[in-house]
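Beneath this line is the structure, given in structure tokens, with notes to follow.
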Amino acid sequence: MACVGEVLGLHVHMLRRYGVLPDEAVEAAVAKLQPTAPHIARLLLELASLH
């Protein structure tokens, strides 16, 4: 699967507050986002599937 930066482009920097890095795999980012921002995790998975 793609990295977060490939999926979100410049918008990836909004996820830094959750500890997500631009070159991180989408699966790893989703795992980080699940506890605090599950709605963003679901969105990221959906966008990654479209990518």
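These numbers come from a predicted model, not from an experiment.
For the salt bridge (charged side-chain N to carboxylate O under 4.0 Å, His left out) condition, no pair includes a residue of residues 33-49, sequence neighbours left out. The salt bridge (charged side-chain N to carboxylate O under 4.0 Å, His left out) analysis of residues 19-30, with sequence neighbours excluded, yields the pairs E24-K32.
The line from CD of Q34 to CG of L44 is 10.0 Å long, rounded to the nearest 0.5 Å.
Nearest heavy-atom pair, L33 versus A41, reported as atom, atom and distance to 0.1 Å: CB-CB, 3.8 Å. When all heavy atoms are compared, the tightest approach of A48 to V26 is CB-CG1, 3.9 Å.
No path of Ile, Leu, Val, Met, Phe, Trp and Tyr side chains, each step under 4.5 Å between heavy atoms, connects M14 with V4, placing them in separate hydrophobic clusters.
For A2, the side-chain contact (heavy atoms from CB on, under 4.5 Å) partners at least two apart in sequence or on another chain are E6, V7, H51. Take R16 and apply the side-chain contact (heavy atoms from CB on, under 4.5 Å) test, not counting sequence neighbours, and it matches H13, L21, P22. Residues passing the side-chain contact (heavy atoms from CB on, under 4.5 Å) test with L43 are L47, sequence neighbours excluded.
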